[in-house]
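These notes concern the structure reproduced below.
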Amino acid sequence: MTVRVRFAPSPTGHLHIGGARTAIYNWAFARHHGGAFVLRIDDTDLERSTDENTAAILRSLRWLGLDWDEGPEAGGDFGPYYQTQRTGTYEPALERMKANGHAYPCFCTAETLETKREASRAEGGFSGYDRTCRNLDPSTVAARIAAGEPHVWRVAVPDDRGDIVIDDLVRGETRFPIDAMDDFILVRTDGSATYNFATVVDDWTMAMTHIIRGDDHLSNTPRQVVVYEALGAEVPTFAHMSMIFGADGKRLSKRHGATSVEAYAEEGFLPEAVLNYLALLGWSLDGETTLFDRETLVREFDLSRVSKSPAVWDPEKLEWMNGSYIREMSTDKFVDTMTPWLERAGFATAADVAARRDWFLSLAPLISERVKRFDEVADKVAFLFEEPTIEDSVRVKILEKDGAARALEAAAEVLATVEFHAEEIEAALRTVPEATGVKPKDAFQAIRVAATGTTVSPPLFESLELLGKERTLARMAAALELVTT
RNA sequence: GGCCCGUUCGUCUAGCGGUUAGGACACCGCCCUCUCAAGGCGGAGAUCACGGGUUCGAAUCCCGUACGGGCUACCA
């Protein structure tokens, strides 16, 4: 049988880091086994679900490079792929369970249930439904329904079934005592399906073979198994992965900073880095390999190597990884990726980049090994696009230092006569320390501050080349004026 | 309360009865060097949550405890 897995986000918000990881594992599992990765939008929470959120989720999945075989905008033979459009399938499923005697109507009101629950919980022990309506006389049941009395439909958990054992692909064999199982509600008074009923019917009718999800659903699994069995459906294989925590050991939330995939995209993270990091957070290839591409992930992914324990989200490691991917990018790709960030900063348009592509290509390697995210690029290249302002403290510390002015004058002089290429610039400037008696470090720092306005910049000679002779000399003259007046 | 899951350096993890407990991020030092990075080399960092077993031998198997998490809704 061919593998079919699904990712079923609820469009009540953007794609969350945790959801993204679940999607990645499902996707990798499907691709590894040559199966189908299905996307279903569980939008039954009408209050909070929005089309904007759905669109954002699709965008984020695509950004990560997770393509789905069936689902919104892809179609498929098992649709519809929006849960709100599948309500028609719950009714026949319920009929099927009724026919088997696996579902029964319950007329108990929410209030009486509440008081009963409190009472039994006070005594300690099982707090589930006491099955009052399970053994109602069939004729009275028929009469009450005919009279239009409000009721829900409950599952009749079999007494003779024995414990429910789940062979979880991540956690191994997990046993749930059957007598702790509640005759939970399948269909509400208003006729709508509850989560545990709806997902089972959806997953069953969509022919899912494996359910890979967060372990917050582990405790729901035995309930769902009961429904599968009552339906006469084949029970899929389950795999429950642990959650992602923040540094404080609490479930990851907004308090811990950016939690949506979109936010990481906007901060200048690369999709391949986010994918790699997320894949590694809770899964290991061999314990040694930390950097791997999409193809390797697909080839090597194995649920048995998914961690059972929760993982703490570590933004620093993600940044390191992103930096690593940036450094490995081709110069061309770096320029392309950098362009929108330059546009956003108002430094250059895509047309500017195209017009002077060679110049940007020589800029790229200077920047790529100095940033961990693309939102740092603008700051690093600013000196090339706008006139620097030298801070007082820097002026005092560097430009007014003994010999600095002398070095600047000498530098300006030699630079004026030279071809403006890094090698020539370097050769010329190397003569300055000896000629002036100023230490190389001090001389170069003075020139750096004059040219870039700061003490930290990309390599000096290359930076000057990019700046060009005219601007370099003008800035040096301006710096000299600053300290000599 | 009941049921279920988890616990190896600060963090992510390897380990699946015999290892000097390995790797990665972060941290520290050295090298490189015009600053910052990047890179190279090295270092520190884990009584494997705790307590009992089983075994010649346990991070690895079993039981218990503690702590953390989940479920226990006419939420998903």
Side-chain angles (χ1 to χ4, degrees), chain A residues 8 10 12 42 44-45 47-48 83 106 108-110 113-114 117 120-128 150-154 166 168 170-171 174-177 179-182 184-190 192-196 198-199 214-223 240 242-243 245 247 249-251 277 280-291 305 307-321 323-324 327 366-372 380 398 426 429-430 433 439-449 452 454-461 463:
Chain A
S10 182
T12 53
D42 280 2
T44 43
D45 185 341
E47 297 285 305
R48 297 186 299 145
Q83 200 168 43
C106 171
C108 298
T109 65
L113 290 173
E114 184 56 35
R117 183 159 41 236
S120 58
R121 200 175 285 208
E123 286 172 36
F126 186 63
S127 61
H151 58 280
V152 299
W153 287 88
R154 289 181 181 275
I166 292 154
D168 193 282
V170 170
R171 327 194 86 87
T174 308
R175 182 177 298 269
F176 296 86
D179 48 354
M181 187 74 67
D182 190 16
F184 61 92
I185 293 169
L186 302 167
V187 174
R188 304 186 184 94
T189 309
D190 67 2
S192 64
T194 59
Y195 168 75
N196 280 128
T199 27
D215 76 1
D216 47 338
H217 290 293
L218 185 56
S219 300
N220 282 323
T221 307
R223 277 181 269 280
H240 289 93
S242 58
M243 327 233 67
F245 286 169
K250 299 271 165 48
R251 254 173 102 145
Y277 178 73
L280 204 59
L281 194 69
W283 175 77
S284 63
L285 198 159
D286 55 12
E288 307 280 303
T289 312
T290 55
L291 262 18
R305 294 192 67 88
S307 170
K308 297 183 194 36
S309 50
V312 173
W313 179 254
D314 180 1
E316 288 198 328
K317 189 162 184 175
L318 205 214
E319 291 210 340
W320 162 78
M321 197 172 273
S324 163
R327 274 171 257 129
L366 268 39
I367 304 305
S368 65
E369 71 176 31
R370 291 180 170 72
V371 294
K372 289 179 169 163
K380 291 273 188 294
I398 306 293
E426 174 164 9
L429 291 183
R430 289 283 179 202
K439 281 187 288 185
K441 274 181 194 256
D442 293 337
F444 292 140
Q445 273 304 74
I447 299 165
R448 182 191 316 284
V449 167
T452 71
T454 63
T455 56
V456 174
S457 82
L460 184 59
F461 315 123
S463 296

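As the structure is a prediction and not an experimental result, all values here were calculated from the model. Residue numbers begin at 1 in each chain, while the letters A, B, ... track the order of the sequences.
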Any N/O pairs under 3.5 Å between the protein and nucleotides 71-73 of chain B? List them or say none.
from, atom 1, to, atom 2, distance (Å)
C71(B), O2', R223(A), NH2, 2.3
A73(B), OP2, R117(A), NH1, 3.4

Tell me every residue that passes ring-ring contact (aromatic ring centres under 6.0 Å, His included) with [X], counting only those two or more places apart in sequence or in another chain.
X       : result
F444(A) : F461(A)
H151(A) : F107(A), W153(A)
F176(A) : none

Using a cut-off of 4.0 Å on non-hydrogen atoms, how would the nucleic acid contact of [X] be classed: base, sugar-phosphate, or nothing?
X       : answer
R305(A) : sugar-phosphate
C108(A) : base
T455(A) : base
G282(A) : sugar-phosphate
S457(A) : base

Return the set of residues passing salt bridge (charged side-chain N to carboxylate O under 4.0 Å, His left out) with [X] (not counting sequence neighbours), or none when no residue passes.
X       : answer
D215(A) : R171(A)
D168(A) : none
E114(A) : R117(A)
R430(A) : E426(A)

Base versus backbone protein contacts along nucleotides 27-34 of chain B [heavy-atom cut-off under 4.0 Å; B, S, -]: -------B
Reading 5' to 3' through nucleotides 59-67 of chain B, protein heavy-atom contacts under 4.0 Å coded B for base, S for sugar-phosphate only, - for none: ---------
Using ring centroids (six-membered ring only for Trp), state whether W320(A) and Y277(A) fall under 6.0 Å. no
Using Watson-Crick or G-U wobble geometry with both distances below 3.5 Å, tell me the partner of U60(B), or none.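 Paired with U60(B), as far as the under-3.5 Å criterion goes, is no nucleotide at all.
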Calculate the interatomic distance between D168(A) atom CG and G6(B) atom P; express it in whole Å.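 One finds 9 Å between P of G6(B) and CG of D168(A), rounded.
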Please identify each residue that fulfils side-chain hydrogen bond (donor to acceptor under 3.5 Å, both in side chains) with E316(A), with sequence neighbours left out. none
Those residues that, when tested against D42(A), pass side-chain hydrogen bond (donor to acceptor under 3.5 Å, both in side chains) (two or more places apart): R40(A)
